[in-house]
Amino acid sequence: VLFRSTNELFLIFSKISFVHNKIHLFIVLLFIGLLCVNVPIIKAVRLTAVKIQKPVLYFTMDENRQEEFVICFTHSVNRRPVYDYIRVEQDGFMVVKSRYDAFGAGMPEYSMDTDMRLTWAPDGWLELININRRLDTFTLFTGAVIANHTLTVRDKVITLSDIVTP
């Protein structure tokens, strides 16, 4: 190929370079677009200390596997442990059941107009099942002296008074 002048040669290379840059830009944008579509967004449960308005703990749970975490505390009246099972869902939480080993004043009962039932578990504990109470968020007031709140996530027990002042 013969070129009549260096300006003509420069013009051809400029056009090739411009097209080449457009192709690169297209490839980069396509790659970014594919990343945004194919990279899963990880949802996390965040515990925020209300007094200081700062997150103190994050943990991930898969709502597709219907994972649950457990909040345990000592009941203030009968001084016995209570375990509340909470499932993480797409748009919030679902209180699934409560377990306790003694029935007494202030302990939850079931309502006749719901599917909630109080049953005896094989290990002798009382279980309030089918609570199915949906929560967008919830506030938990922690206590260290009597309540001694703990959070259990995948068999890991976290004493809440260790990470937030009661």
Requested in this report: With side-chain contact (heavy atoms from CB on, under 4.5 Å) as the test, would you mind laying out the steps for Glu68 and Val96 before giving the verdict?
Outcome: CA-CA 9 Å; Glu68 298 174 356; Val96 179; 3.8 Å; yes

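- Closest approach of Ile86 to Phe93, counting heavy atoms only: CG2-CB, 3.7 Å.
- Between Arg99 and Asp123 there is a side-chain heavy-atom pair separated by less than 4.5 Å.
- When all heavy atoms are compared, the tightest approach of His75 to Asn78 is CB-OD1, 3.1 Å.
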Requested in this report: Would you sort out whether Ile158 and Thr150 count as a side-chain contact (heavy atoms from CB on, under 4.5 Å), showing the intermediate values?
Outcome: CA-CA 5 Å; Ile158 302 161; Thr150 62; over 6 Å; no

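- Counting only heavy atoms from C-beta outward, the side chains of Leu151 and Phe69 approach each other to under 4.5 Å.
- Side-chain contact check for Val82 versus Cys72: every heavy-atom pair is 4.5 Å or farther apart.
- A distance of 11.0 Å separates CD1 in Ile129 from CE in Met116, rounded to the nearest 0.5 Å.
- A heavy-atom distance below 4.5 Å is not found between the side chains of Val95 and Asn132.
- Annotation for Met94 and Arg134: closest pair SD-N, 3.8 Å, computed over non-hydrogen atoms.
- Using a cutoff of 4.0 Å between basic side-chain nitrogens and carboxylate oxygens, Glu67 and Arg154 are scored as salt-bridged.
- If you look at Tyr83 and Tyr100, their ring centroids are not closer than 6.0 Å.
- Residues Asp136 and Asp91 approach most closely at OD1-O, 3.9 Å, considering heavy atoms.
- Using a 4.5 Å cut-off on side-chain heavy atoms (C-beta onward), Arg80 and Thr74 make no contact.
- No single ILVMFWY cluster, assembled from side-chain heavy atoms under 4.5 Å apart, contains both Leu135 and Tyr85.
- A salt bridge is defined here as a Lys NZ or Arg NE, NH1 or NH2 lying under 4.0 Å from an Asp or Glu carboxylate O, and Asp84 with Arg133 fails to meet this definition.
- With contacts defined as side-chain heavy-atom distances shorter than 4.5 Å, the pair Leu118/Leu126 qualifies.
- Residues Lys97 and Asn130 form no side-chain contact, since every pair of their non-hydrogen atoms from C-beta on lies 4.5 Å or further apart.
- One finds the CG atom of Leu128 at 4.0 Å from the CD1 atom of Ile131 (value rounded to the nearest 0.5 Å).
- The shortest non-hydrogen separation linking His149 to Thr142 is ND1-CA, 3.4 Å.
- Nearest heavy-atom pair, Ser76 versus Ile146, reported as atom, atom and distance to 0.1 Å: CA-CG2, 4.1 Å.
- In this structure, the separation between CD1 on Ile71 and CG on Leu160 is 7.0 Å, given to the nearest 0.5 Å.
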